[in-house]
Amino acid sequence: MIDHLKHMAVFARVVDKGSFRAAAQDIGVAPSRVSQTITDLENHLGTTLLYRTTRKLALTGEGRALYMHVTQMLRSAEAGLNEINATMQDPVGALRVSIPAFLSTSDLSTAMAAFIKRYPNVALSLFYSDRRVEIIENGLDLAIKAGSLSDSAMMSRKLGIIPRALVAGAEYASARPVPSRPADMEDWDWIRYQQRSDTIELTSDKGETESVTGRSQIEVDSVNALYHFAMQDAGASVLPENLAARGVASGSLVRLLPKWRLGDIDLHAVWPDSSRRETLTLLFVRFLADALGR
């Protein structure tokens with residue numbers, strides 16, 4: 001069995017990645033070598049583990065059973081390595097992390113840069129996207145999520161909050177009467193964000209709450225695109241403070257309704273309860289929380 005431990009680890013990586021090519025790229029070997037490794041394992045066991053088609057791979061019944069045991073074996077082995085790493089001043093390992101794209105130039109990303117400087121033997125693979133990303137299905141160790149959390153099966157820690165600002169292009173706003181309350185903006189053009197409700201709720205400095213929907217000629221699925229179109233005077237929008245401040249500083253954006261406030265967005269780190277890199281993940285999360293003041 002000892003001679004085939006590596007074969008089983010490669011088998012698990014193929015299943016996780018969904019193809020020989022993706023697994024080979026992740027491991028750093030040729031796809032043909034990965035394919036031969038699986039064939040050798042199947043020959044050793046005398047059974048087929050994977051159905052191969054031109055479009056995808058599928059596990060056989062025997063493959064599913066082996067995969068379950070192999071993942072347990074790998075998790076235990078990595079837990080042992082993590083435990084040793086935890087006693088070392090210089091931890092070693094790699095983390096795959098998903099992050100909202102609009103935080104690519106934020107204090108959070110700055111903290112991640114500080115982390116790799118502090119721990120030079122830890123590698124980070126960072127995936128920036130504003131779309132919802134499934135942690136386990138995408139082989140991630142950790143996800144940074146903005147907004148409310150829905151998956152109670154995951155471990156989580158609050159890292160901070162993201163203030164938001166109501167803004168519009170300077171030229172666009174100058175061509176309209178200055179609004180004094182949200183209702184004054186119902187006839188404004190809005191740049192709509194697909195992952196947010198059409199209705200925007202604001203609270204005044206007197207505690208009044210009021211909503212505005214407005215009309216939308218353009219919608220996007222990227223916060224960075226919201227920022228770009230606002231800079232092009234396409235209408236009003238809600239932006240994270242880090243982007244709003246940049247646009248205001250350049251003179252291309254103006255803040256609207258300064259006496260009314262938008263609710264902040266919570267920022268969380270989320271990871272599986274059975275993380276294969278638990279110790280390294282916790283080290284990373286604690287570092288970010290400390291850097292962001294949480």
> Same cluster or not: L50 versus M68, using hydrophobic residues (I, L, V, M, F, W, Y) connected whenever any side-chain heavy atoms lie under 4.5 Å apart?
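No: no chain of side-chain contacts under 4.5 Å links L50 to M68.
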> Only counting residues at least two apart or in another chain, list the ones meeting side-chain hydrogen bond (donor to acceptor under 3.5 Å, both in side chains) with R64.
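For R64, no residue satisfies side-chain hydrogen bond (donor to acceptor under 3.5 Å, both in side chains) once neighbours in sequence are set aside.
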> Quick test of your reading of the model: are D221 and R131 salt-bridged, counting only N-O distances below 4.0 Å?
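Judged by the 4.0 Å cut-off on N to carboxylate O distance, D221 and R131 do form a salt bridge.
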> So, do F20 and I38 sit near enough that their side-chain heavy atoms are less than 4.5 Å apart?
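Contact flag for F20/I38 side chains = yes.
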> Can you check whether T39 reaches N43 side chain to side chain, under 4.5 Å on heavy atoms?
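Yes, close enough: below the 4.5 Å cut-off.
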> So, does E42 use its side chain to make a donor-acceptor pair with the main chain of T47 at under 3.5 Å?
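Looks like no, no N/O pair under 3.5 Å.
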> With sequence neighbours excluded, what pairs up with S216 under the side-chain hydrogen bond (donor to acceptor under 3.5 Å, both in side chains) test?
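For S216 there are no side-chain hydrogen bond (donor to acceptor under 3.5 Å, both in side chains) partners, ignoring immediate neighbours.
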> Between I191 and A230, what is the shortest heavy-atom contact and its length?
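Reported closest heavy-atom pair: CD1-N, 3.3 Å.
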> Check ring-ring contact (aromatic ring centres under 6.0 Å, His included) between H7 and all other residues, then give those that pass, not counting sequence neighbours.
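Expected list: H4.
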> Check whether any side-chain heavy atom of L41 sits under 4.5 Å from a side-chain heavy atom of L66, and report yes or no.
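Result yes, sub-4.5 Å side-chain heavy-atom pair found.
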> Could you tell me whether the side chain of F115 reaches within less than 4.5 Å of the side chain of L283, counting heavy atoms only?
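Of all side-chain heavy-atom pairs linking F115 with L283, at least one is under 4.5 Å.
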> Indicate the atoms forming the closest heavy-atom contact of V254 with G169, along with that distance.
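Scanning both residues completely, I find the closest heavy atoms to be CG2-O, 4.4 Å.
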> Please report the interatomic distance OG(S237) to NE2(H228), rounded to the nearest 0.5 Å.
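Spacing of OG (S237) from NE2 (H228) equals 13.0 Å.
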> How many angstroms lie between CG in L226 and CD in Q194, if you round to the nearest 0.5 Å?
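Rounded to the nearest 0.5 Å, the CG-CD separation comes out at 9.5 Å.
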> If you count heavy atoms of other groups shown closer than 6.0 angstrom to CZ of R196, is the number above 12?
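Above 12, so yes.
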> If we only count heavy atoms from C-beta on, is the R157 to L288 side-chain gap below 4.5 Å?
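No, every pair of side-chain atoms sits at 4.5 Å or beyond.
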> Which is it for L267 and I144 under the side chain to side chain contact (heavy atoms under 4.5 Å, CB included) test, yes or no, and what are the steps along the way?
CA-CA 7 Å; L267 187 68; I144 306 298; 3.6 Å; yes
> Would you give the length of the straight line joining atom OH of Y67 to atom CZ of F11, rounded to the nearest 0.5 angstrom?
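Rounded to the nearest 0.5 Å, the OH-CZ separation comes out at 8.5 Å.
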> What's the shortest heavy-atom distance between L74 and A12, and which atoms?
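In terms of heavy atoms, the two residues are closest at CD1-CB, 3.7 Å.
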> Let me know which of V238, T209, V212, L256 forms a side-chain contact (heavy atoms from CB on, under 4.5 Å) with L202.
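Answer after filtering V238, T209, V212, L256: V212.
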> Test: salt bridge (Lys or Arg N to Asp or Glu O under 4.0 Å). Region: residues 232-241. Which pairs qualify, not counting sequence neighbours?
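Every pair satisfying salt bridge (Lys or Arg N to Asp or Glu O under 4.0 Å) with a residue in residues 232-241: E241-R255.
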> Do L257 and V248 share a hydrophobic cluster (ILVMFWY, side-chain heavy atoms under 4.5 Å, transitive)?
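No, no single cluster joins them.
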> Between the main-chain N or O of V223 and the side-chain N or O of D130, is there a donor-acceptor pair closer than 3.5 Å?
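Between the backbone of V223 and the side chain of D130 there is a qualifying donor-acceptor contact (under 3.5 Å).
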> I162 and A146: which non-hydrogen atoms are nearest, and at how many Å?
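In this case the closest contact between I162 and A146 is CD1-CB, 3.9 Å.
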> Any side-chain heavy atom of S19 sitting closer than 4.5 Å to one from V14?
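Heavy-atom side-chain distance check fails, nothing below 4.5 Å.
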> What distance separates M155 CE from L142 CG, expressed to the nearest 0.5 Å?
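So the CE of M155 and the CG of L142 are separated by 12.0 Å.
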> Checking E208 now: which residues fulfil side-chain hydrogen bond (donor to acceptor under 3.5 Å, both in side chains) with it, not counting sequence neighbours?
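Only S204 meet the side-chain hydrogen bond (donor to acceptor under 3.5 Å, both in side chains) criterion with E208.
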> Apply the side-chain contact (heavy atoms from CB on, under 4.5 Å) test between R164 and each candidate in L239, D264, I265; give the one that qualifies.
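Only one option passes, and that is I265.
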> Would T199 and S211 count as having a side-chain donor-acceptor pair, cut-off 3.5 Å?
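S211 and T199 do not have a side-chain donor-acceptor pair below 3.5 Å.
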> Taking only residues at least two apart or on different chains, which pairs with a member in residues 173-185 satisfy side chain to side chain donor-acceptor pair (under 3.5 Å)?
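Listed by first then second residue: Y172-R176, S180-D184, R181-E210.
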> List the atom of A236, the atom of W188, and the distance in Å for their closest heavy-atom pair.
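Shortest heavy-atom separation between A236 and W188 comes out as CB-CE3, 4.1 Å.
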> Show me the donor-acceptor pairs, under 3.5 Å and distance only, between side chains in residues 93-105 and residues at least two apart or in other chains.
unit_1, atom_1, unit_2, atom_2, d
R96, NE, G139, O, 2.8
R96, NH2, N138, O, 3.3
S104, OG, A101, O, 3.1
T105, OG1, R246, NH2, 2.6

> Hey, could you give me the CZ/CG distance between R192 and D198, rounded to the nearest 0.5 Å?
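Here the interatomic distance stands at 4.0 Å.
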> Using a cut-off of 6.0 Å, state whether more than 12 heavy atoms not belonging to E201 lie near its atom CD.
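Atom CD in E201 is packed in, count exceeds 12.
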> Group every Ile, Leu, Val, Met, Phe, Trp and Tyr by side-chain heavy-atom contacts under 4.5 Å, then state whether I200 and L243 land in the same group.
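No; L243 is not reachable from I200 via cluster members.
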> Of all residues at least two apart in sequence or in a different chain, which pass the side-chain hydrogen bond (donor to acceptor under 3.5 Å, both in side chains) check with Y51?
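So Y51 forms no side-chain hydrogen bond (donor to acceptor under 3.5 Å, both in side chains) with any residue.
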> Measuring from K206:NZ to K259:NZ, what's the distance to the nearest 0.5 Å?
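Reported value, rounded in 0.5 Å steps: 7.0 Å.
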> Less than 3.5 Å apart, any donor N or O on the side chain of Y128 or N224 sitting next to an acceptor on the other?
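On atom types as modelled, these side chains do not qualify, holding no pair under 3.5 Å.
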> Would W190 end up clustered with F229 when hydrophobic side chains under 4.5 Å apart are linked, directly or stepwise?
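Different clusters.
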> What donor-acceptor contacts under 3.5 angstrom involve side-chain atoms of residues 22-36, with partners at least two apart or in another chain?
unit_1, atom_1, unit_2, atom_2, d
D26, OD2, R13, NH1, 2.4
Q36, NE2, D40, OD1, 2.7

> Taking ring-ring contact (aromatic ring centres under 6.0 Å, His included) as the cut-off, I'd like each qualifying pair that reaches into residues 231-270, sequence neighbours left out, listed once.
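Of all non-adjacent pairs touching residues 231-270, none passes ring-ring contact (aromatic ring centres under 6.0 Å, His included).
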> Does some side-chain heavy atom of P272 sit less than 4.5 Å from a side-chain heavy atom of M154?
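With C-beta onward as the side chain, the pair touches.
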> Run the ring-ring contact (aromatic ring centres under 6.0 Å, His included) test against F127 and tell me which residues pass, sequence neighbours left out.
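With sequence neighbours excluded, F127 shows a ring-ring contact (aromatic ring centres under 6.0 Å, His included) to no residue whatsoever.
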> Going by the rule ring-ring contact (aromatic ring centres under 6.0 Å, His included), which residues pair with Y227 if we only count those two or more places apart in sequence or in a different chain?
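Counting only residues at least two positions away or on another chain, Y227 forms no ring-ring contact (aromatic ring centres under 6.0 Å, His included).
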> I need the minimum non-hydrogen distance between L262 and A165, along with the two atoms involved.
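Taking L262 first and A165 second, the nearest heavy atoms are CD1-C, 3.7 Å.
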